[in-house]
Amino acid sequence: MSCFRDFFDIQYINIFIMKKIAVFASGSGTNAENIIRYFSNDNDIEVSLVLCNKAGAGVLERAARLGVETVVFNASQMRTPGFITDILKSHEIDYVVLAGFLLLVPAEVTQMYKGRIVNIHPALLPLYGGKGMYGENVHKAVIAAKEKRSGITIHHVTENYDEGANIFQATVDVAPDDTPETLATKIHALEYEYFPKVIKSEIEKL
């Protein structure tokens with residue numbers, strides 16, 4: 001009976017162990033904060049680490065205010081073999097989320113987290129993706145091309161910008177009088193609504 005109980009206890013621990021997310025961000029961190037808050041009362045998933053490549057970025061203050069540990073690094077450190085992977089290993093990270101992160105993620109990270117690292121892009125990939133296509137740059141390009149619709153794409157991350165397989169897309173209409181600022185507001189609303197939900201759904205598949 002004792003052996004059976006010990007086995008049951010071990011299985012119970014394995015089933016209910018908390019999954020840990022690391023969020024990479026470069027800017028103000030509104031998406032990161034939204035994700036942290038979404039999982040704050042989740043019994044199975046938590047955001048346990050925020051990594052940022054800009055010392056003065058707003059995301060650091062947001063994370064600290066919400067009690068999430070932060071790590072700041074520069075582009076050279078990120079390219080140093082083992083630097084990022086060692087941080088992720090030491091914090092026992094299960095899943096990686098890019099939320100407004102502007103640096104190219106090293107191949108050793110994307111390979112270690114293959115199928116477990118995602119990004120959100122403010123357009124309907126494969127349109128308006130690639131190096132330099134982020135934030136206002138994307139919205140300006142969409143409006144200049146007179147697109148009727150834009151949206152968000154949540155996709156797996158590879159060692160190349162915006163080339164991982166798409167997981168989810170949501171769309172909005174682009175009005176004739178939209179500006180990059182008004183279009184950005186529409187896109188942000190989609191990001192806040194769907195990104196945490198898709199992250200949860202993907203983690204639950206692991």
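Excluded from the calculations below are hydrogen atoms, water molecules and symmetry mates; all remaining heavy atoms, backbone and side chain alike, are included. Positions are given from 1, in the same order as the sequence printed here.
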K.L.:
Run the salt-bridge test on K200 and D42 with the 4.0 Å N-O cut-off and return the result as yes or no.
P.N.:
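Salt bridge present between K200 and D42.
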
K.L.:
Taking all non-hydrogen atoms of both residues into account, name the closest pair between L103 and A75 and its distance.
P.N.:
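It is CD1-CA, 4.0 Å.
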
K.L.:
Show the numbers, then the answer: is there a side chain to side chain contact (heavy atoms under 4.5 Å, CB included) between T70 and L51?
P.N.:
CA-CA 6 Å; T70 61; L51 299 98; over 6 Å; no

K.L.:
Test of understanding: clusters of I, L, V, M, F, W, Y form through side-chain heavy atoms closer than 4.5 Å, transitively. Do V47 and L60 belong to the same one?
P.N.:
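Yes, V47 and L60 fall within the same hydrophobic cluster.
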
K.L.:
Measuring only between side-chain heavy atoms, which start at C-beta, is M78 closer than 4.5 Å to L104?
P.N.:
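Result no, sub-4.5 Å side-chain heavy-atom pair not found.
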
K.L.:
Per the ring pair (Phe, Tyr, Trp, His ring centres under 6.0 Å) rule, what does the pair list look like for residues 24-79, sequence neighbours excluded?
P.N.:
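Found F24-F101.
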
K.L.:
Under 3.5 Å, side-chain donor or acceptor atoms of residues 138-148 against the rest of the protein: list the pairs with distances, not counting sequence neighbours.
P.N.:
residue	atom	partner	partner atom	Å
K140	NZ	E136	OE2	3.1
E147	OE2	Y128	OH	2.6

K.L.:
Please report the interatomic distance NE2(H121) to CG(L127), rounded to the nearest 0.5 Å.
P.N.:
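It is 9.0 Å, given to the nearest 0.5 Å.
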
K.L.:
If a pair satisfies ring pair (Phe, Tyr, Trp, His ring centres under 6.0 Å) and one of its residues is in residues 158-177, list it, with sequence neighbours excluded.
P.N.:
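Counting only pairs at least two positions apart or across chains, the ring pair (Phe, Tyr, Trp, His ring centres under 6.0 Å) contacts touching residues 158-177 are F168-Y194.
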
K.L.:
So how far is it from D162 CG to M133 CE, rounded to the nearest 0.5 Å?
P.N.:
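Those atoms lie 9.0 Å apart.
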
K.L.:
Test L66 against R37 for side chain to side chain contact (heavy atoms under 4.5 Å, CB included), laying out the working first.
P.N.:
CA-CA 8 Å; L66 295 170; R37 291 188 181 279; 3.6 Å; yes

K.L.:
Going by the rule side-chain contact (heavy atoms from CB on, under 4.5 Å), which residues pair with N34 if we only count those two or more places apart in sequence or in a different chain?
P.N.:
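Once residues adjacent in sequence are excluded, the partners of N34 under the side-chain contact (heavy atoms from CB on, under 4.5 Å) criterion are Y192, P196.
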
K.L.:
Give the minimum heavy-atom separation between A99 and A32, together with the two atoms involved.
P.N.:
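Smallest heavy-atom distance, with atoms named: CB-N, 4.3 Å.
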
K.L.:
When you compare the side chain of P106 with that of E159, does any pair of heavy atoms fall below 4.5 Å?
P.N.:
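Contact flag for E159/P106 side chains = no.
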
K.L.:
Report yes or no: do V97 and L206 belong to one cluster of Ile/Leu/Val/Met/Phe/Trp/Tyr joined by side chain heavy-atom distances under 4.5 Å?
P.N.:
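As far as the 4.5 Å side-chain criterion goes, L206 and V97 are connected within one cluster.
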
K.L.:
Mark yes or no for whether S201, through its side chain, and V198, through its backbone, hold a donor-acceptor pair below 3.5 Å.
P.N.:
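Side chain of S201 to backbone of V198: no pair is present.
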
K.L.:
Holding to salt bridge (Lys or Arg N to Asp or Glu O under 4.0 Å), I want the full list of residues that pass it with R116, two or more places apart in sequence or in another chain.
P.N.:
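R116: no salt bridge (Lys or Arg N to Asp or Glu O under 4.0 Å) contacts found.
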
K.L.:
Applying salt bridge (Lys or Arg N to Asp or Glu O under 4.0 Å), which residue pairs with at least one partner in residues 79-97 are found, sequence neighbours left out?
P.N.:
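Passing the test, one end in residues 79-97: K20-E92.
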
K.L.:
What verdict does the side chain to side chain contact (heavy atoms under 4.5 Å, CB included) test give for V96 and L88, after you've listed the backbone C-alpha separation in whole Å, the side-chain angles of each residue and the deciding distance to 0.1 Å?
P.N.:
CA-CA 9 Å; V96 175; L88 298 174; 4.2 Å; yes

K.L.:
Heavy atoms, side chains only, cut-off 4.5 Å: are T171 and L124 in contact?
P.N.:
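Yes; the side chains approach each other to less than 4.5 Å.
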
K.L.:
Got a second to check how far H188's NE2 is from N31's CG, nearest 0.5 Å?
P.N.:
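Nearest 0.5 Å value for the NE2-CG distance: 7.5 Å.
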
K.L.:
Is the backbone of H155 close enough, under 3.5 Å, to the side chain of N119 for a donor and an acceptor to pair up by distance?
P.N.:
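Checked: no pair found.
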
K.L.:
Per the side chain to side chain donor-acceptor pair (under 3.5 Å) rule, what does the pair list look like for residues 51-61, sequence neighbours excluded?
P.N.:
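Qualifying pairs: S26-N53.
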
K.L.:
Check side-chain contact (heavy atoms from CB on, under 4.5 Å) between T182 and all other residues, then give those that pass, not counting sequence neighbours.
P.N.:
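So T182 forms a side-chain contact (heavy atoms from CB on, under 4.5 Å) with D178, T179.
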
K.L.:
List the residues meeting side-chain contact (heavy atoms from CB on, under 4.5 Å) with A25, not counting sequence neighbours, and say none if there are none.
P.N.:
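In terms of side-chain contact (heavy atoms from CB on, under 4.5 Å), with neighbours along the sequence ignored, A25 is linked to V59.
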
K.L.:
Working to the nearest 0.5 angstrom, can you tell me the gap between C52 SG and L102 CG?
P.N.:
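One finds 9.5 Å between SG of C52 and CG of L102.
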
K.L.:
What residues, two or more places apart in sequence or in another chain, satisfy salt bridge (Lys or Arg N to Asp or Glu O under 4.0 Å) together with E181?
P.N.:
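E181 satisfies salt bridge (Lys or Arg N to Asp or Glu O under 4.0 Å) with no other residue.
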
K.L.:
Hey, quick one: are V118 and M112 part of the same hydrophobic cluster, counting side-chain heavy atoms closer than 4.5 Å, chains of contacts allowed?
P.N.:
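Per the 4.5 Å side-chain linkage, V118 and M112 are not co-clustered.
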
K.L.:
Going hydrophobic residue to hydrophobic residue with side-chain gaps under 4.5 angstrom, can you get from V71 over to V105?
P.N.:
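Yes, same cluster.
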
K.L.:
Does E202 form a side chain to side chain contact (heavy atoms under 4.5 Å, CB included) with Y95? I'd like the steps, not just the answer.
P.N.:
CA-CA 10 Å; E202 289 299 298; Y95 203 81; 3.2 Å; yes

K.L.:
Please answer whether the main-chain N or O of A63 pairs with a side-chain N or O of E33 as donor and acceptor at a distance below 3.5 Å.
P.N.:
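Looks like no, no N/O pair under 3.5 Å.
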
K.L.:
Where is the tightest heavy-atom contact between P122 and S150, given as atom of each residue plus distance?
P.N.:
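Scanning both residues, the minimum pair turns out to be O-OG, 4.1 Å.
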
K.L.:
Which residues pass the salt bridge (Lys or Arg N to Asp or Glu O under 4.0 Å) test with K19, not counting sequence neighbours?
P.N.:
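Testing K19 for salt bridge (Lys or Arg N to Asp or Glu O under 4.0 Å), a comparison that skips the adjacent residues, returns none.
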
K.L.:
Is the backbone N or O of I93 less than 3.5 Å from a side-chain atom of Y113, with the two atoms forming a donor-acceptor pair by type?
P.N.:
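Yes; at least one donor-acceptor contact below 3.5 Å.
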
K.L.:
Given the rule that I, L, V, M, F, W and Y join up when any side-chain heavy atoms are under 4.5 Å apart, are V72 and I84 in one cluster?
P.N.:
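V72 does not cluster with I84.
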
K.L.:
How about E163 and T158: does a side-chain donor come under 3.5 Å of a side-chain acceptor?
P.N.:
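E163 vs T158: no donor-acceptor pair found between side chains.
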
K.L.:
State whether the side chain of T153 and the backbone N or O of L125 hold a donor-acceptor pair below 3.5 Å, judged by distance alone.
P.N.:
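Such a contact is found between T153 side chain and L125 backbone.
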
K.L.:
Keeping T80 on the side-chain end and S76 on the backbone end, is there a donor-acceptor pair under 3.5 Å?
P.N.:
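Answer holds: yes.
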
K.L.:
List for me each residue that meets side-chain contact (heavy atoms from CB on, under 4.5 Å) alongside E69, sequence neighbours excluded, and say none if there are none.
P.N.:
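Testing E69 for side-chain contact (heavy atoms from CB on, under 4.5 Å), a comparison that skips the adjacent residues, returns L49, H91.
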
K.L.:
For residues V174 and L183, determine if any side-chain heavy atom of one lies less than 4.5 Å from a side-chain heavy atom of the other.
P.N.:
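Sidechains of L183 and V174: in contact.
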
K.L.:
Among L98, I154, I187, I35, find the residue that satisfies the side-chain contact (heavy atoms from CB on, under 4.5 Å) test when tested with I120.
P.N.:
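By the side-chain contact (heavy atoms from CB on, under 4.5 Å) criterion, I120 pairs with just one of L98, I154, I187, I35: I154.
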
